[in-house]
Protein chains: 2
Amino acid sequence: MNTESIDGEGKSTPYPQRLTGACLHCSLRALCIPDHLPIDLIEQLAAFVHNIGPLHKGETLIRAGEPFRAVYAIRSGLLKSSVFGESNAEHVAEFLLPGELIGLDAIAAARHITQVTVLDTAVVCRVPYEQLLTLSRRVPGLERRLLRILSAEISHEEWFMALEGAENRVASFLIGFGAKMEVRGYSAVEFTLKMTRRDIASHLRIAPETLSRVLKVFQERGLISIKGKKIHLLDRFELETRCSHPAGG
Amino acid sequence: MNTESIDGEGKSTPYPQRLTGACLHCSLRALCIPDHLPIDLIEQLAAFVHNIGPLHKGETLIRAGEPFRAVYAIRSGLLKSSVFGESNAEHVAEFLLPGELIGLDAIAAARHITQVTVLDTAVVCRVPYEQLLTLSRRVPGLERRLLRILSAEISHEEWFMALEGAENRVASFLIGFGAKMEVRGYSAVEFTLKMTRRDIASHLRIAPETLSRVLKVFQERGLISIKGKKIHLLDRFELETRCSHPAGG
DNA sequence: CGCTATTTTGATGTTGATCAACTCTTGTGG
DNA sequence: CCACAAGAGTTGATCAACATCAAAATAGCG
């Protein structure tokens with residue numbers, strides 16, 4: 001496994017000229033930064049966006065403590081961001097899916113608190129922060145967009161924190177993950193959790209054994225069915241009752 | 001106790017003309033939005049900032065679910081923001097001190113998820129969000145400032161979540177609160193926790209009884225001394241060891 | 001000064017963590 | 001393609017931390 005982080009390194013690939021419209025034609029446009037920008041501004045944005053990858057499982061995109069230089073937009077794959085607490089225990093802060101932005105939490109400290117690791121082969125777009133900020137001065141919508149993303153993250157966090165009990169946490173995770181998949185055009189009730197149980201448990205702040213048991217209980221109650229990493233939500237309503245909120249992750 | 005929220009209501013007092021320089025001369029300027037803005041822009045900002053208060057203990061500044069119209073900067077006093085989980089249980093998300101900004105977490109959903117309540121007589125500045133955003137278009141530093149505030153909140157949250165165990169949580173809270181007091185010109189080791197134990201416990205996600213016991217243990221070990229709501233940190237270093245981070249709360 | 005809310009203290013209960021063993025999956029090289 | 005190894009996931013037994021319940025002590029307030 002790679003011990004070097006990739007942030008700002010030579011592994012990046014600038015878009016070749018013919019791909020200037022990369023952002024324009026990106027299937028994730030609606031989820032990503034530019035949203036409903038006029039075409040000329042999208043092209044300005046694309047001009048300094050660099051493609052990185054494919055990155056492979058186990059590689060580190062951002063190392064904790066590194067100076068903050070750029071944010072990353074995920075094009076494909078799966079990553080996790082984690083914090084290392086006392087005794088260097090890893091805690092998974094969130095799972096990162098295509099269309100999501102990585103690194104905005106590092107703005108304040110000017111360096112990354114979280115470490116970002118690849119869980120499943122991924123391609124990301126590197127967006128230098130200074131240039132993004134410069135562009136955002138001319139594009140009001142972009143600025144709002146960034147605020148919105150950060151704001152959403154906070155309110156989700158606040159909300160999730162209020163959940164007590166292992167079962168509620170797990171239910172919330174399943175519903176939230178399903179919702180994220182749905183936004184990306186997949187089924188909200190049938191999906192594959194490519195990350196390990198250990199990582200999920202860490203994210204939910206429960207022991208892996210507890211997660212395993214809760215999933216089993218859910219299955220016995222007919223709420224879900226499990227085939228290894230493949231999950232099928234059978235009683236979405238009942239699961240939602242346990243966390244009374246539309247989305248999360 | 002008042003059952004009406006104050007957001008957008010008639011209780012506000014626009015600055016009289018002679019106080020146009022209110023933001024300019026505000027003792028919290030360094031902590032608040034304008035920071036190092038040129039004087040003319042500070043005055044533009046002050047032009048649409050309204051003074052609200054004094055608000056008294058138990059009053060609700062923002063009610064959960066309300067549409068998002070403005071952010072508030074705290075001038076004096078103490079407030080809490082809380083989320084209501086299942087079975088309507090209150091969970092204190094954070095305590096709000098002078099110089100802090102309230103409501104940015106509502107940008108994404110366009111309405112408030114958290115409820116903001118006054119814990120100790122407070123005066124706040126109401127800043128309409130649309131106008132703030134308009135002004136920020138002309139002031140790059142302002143935009144950065146907002147991003148920075150949100151970013152800091154996220155990274156603090158991520159960090160705090162990684163702490164396990166009631167003692168670590170309490171230690172972190174004490175150190176973090178002290179740090180906040182210090183920034184505001186007070187002692188970092190001797191302060192009054194005006195909020196109830198119940199609210200602190202809720203914020204730390206432990207039972208009030210557990211908080212009480214942990215505080216007692218800390219006192220017995222000579223880490224702190226307690227006189228009702230007055231806390232004195234005697235061994236700051238040892239407390240910091242338990243959470244290995246500079247600030248929080 | 002007495003009432004009420006808050007805090008503390010003690011006893012008991014539960015949830016979920018931990019430890020340990022076992023099974024299943026995945027990936028590798030012969 | 002199979003054998004093997006290493007990691008991942010499950011299962012069961014035990015334990016500790018913390019919540020909950022109940023009640024006394026204290027502080028705050030009219």
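Letters A, B, ... mirror the listed sequences (proteins, then strands); counts begin at 1. Please read these numbers as outputs of a predicted model, since none were measured by experiment.
Heavy-atom neighbours of B/Lys230 NZ from other residues, nucleotides or ligands within 6.0 Å: at or below the threshold of 12.
Ionic pairing of A/Glu238 and A/Arg221 is not present here: no N-O contact between side-chain nitrogen and carboxylate oxygen is shorter than 4.0 angstrom.
Proximity of residues 213-233 of chain B to DNA chain C (heavy atom under 4.0 angstrom from any strand atom) is restricted to B/Arg213, B/Lys216, B/Lys229.
Under the side-chain contact (heavy atoms from CB on, under 4.5 Å) criterion, B/Ala64 pairs with B/Gln115, not counting sequence neighbours. Residues satisfying the salt bridge (Lys or Arg N to Asp or Glu O under 4.0 Å) criterion with B/Glu182, sequence neighbours excluded, are B/Arg236. Residues passing the salt bridge (Lys or Arg N to Asp or Glu O under 4.0 Å) test with A/Arg242, sequence neighbours excluded: A/Glu167. The side chain to side chain donor-acceptor pair (under 3.5 Å) search around A/Arg205 returns A/His91, not counting sequence neighbours. For A/Ser151, the side-chain contact (heavy atoms from CB on, under 4.5 Å) test picks out B/Ile107, B/Ala108, with sequence neighbours left out. Scored by the side-chain contact (heavy atoms from CB on, under 4.5 Å) test, A/Val183 finds A/Leu31 as partners (sequence neighbours excluded). Shown here are the side chain to side chain donor-acceptor pair (under 3.5 Å) partners of B/Ser82, two or more places apart in sequence or in another chain: B/Glu90.
Along DNA chain D, the nucleotide nearest A/Ser212 and the nucleotide nearest A/Glu164 are compared for position; the residue whose nucleotide lies closer to the 5' end is A/Ser212.
Per the geometry, CG belonging to A/Leu204 stands 18 Å off P belonging to C/dT15, to the nearest Å. Distance, A/Glu209 CD to C/dT15 C1': 14 Å, rounded to whole Å.
Judged as a salt bridge (Lys or Arg N to Asp or Glu O under 4.0 Å), the pairs with a partner in residues 111-120 of chain A (not counting sequence neighbours) are, in order, A/Asp120-A/Lys194. Residue pairs meeting the side chain to side chain donor-acceptor pair (under 3.5 Å) criterion with at least one partner in residues 207-220 of chain B, sequence neighbours excluded, do not occur; the list is empty.
Nucleotides of DNA chain D lying under 4.0 Å from heavy atoms of chain A occupy a range whose first and last members, 5' to 3', are D/dG9 to D/dA13.
Residue A/Arg205 is classed as a sugar-phosphate contact, given heavy-atom separations below 4.0 Å to backbone atoms only. Counting any heavy atom pair closer than 4.0 Å across all strands shown, B/Ala166 reaches sugar-phosphate atoms only and no base atom.
Comparing the end axes of the helix from C/dC1-D/dG30 to C/dG30-D/dC1, each fitted to five base pairs by superposing C1' atoms of four pairs onto the next four, gives an inter-axis angle of 50° (nearest 10 degrees).
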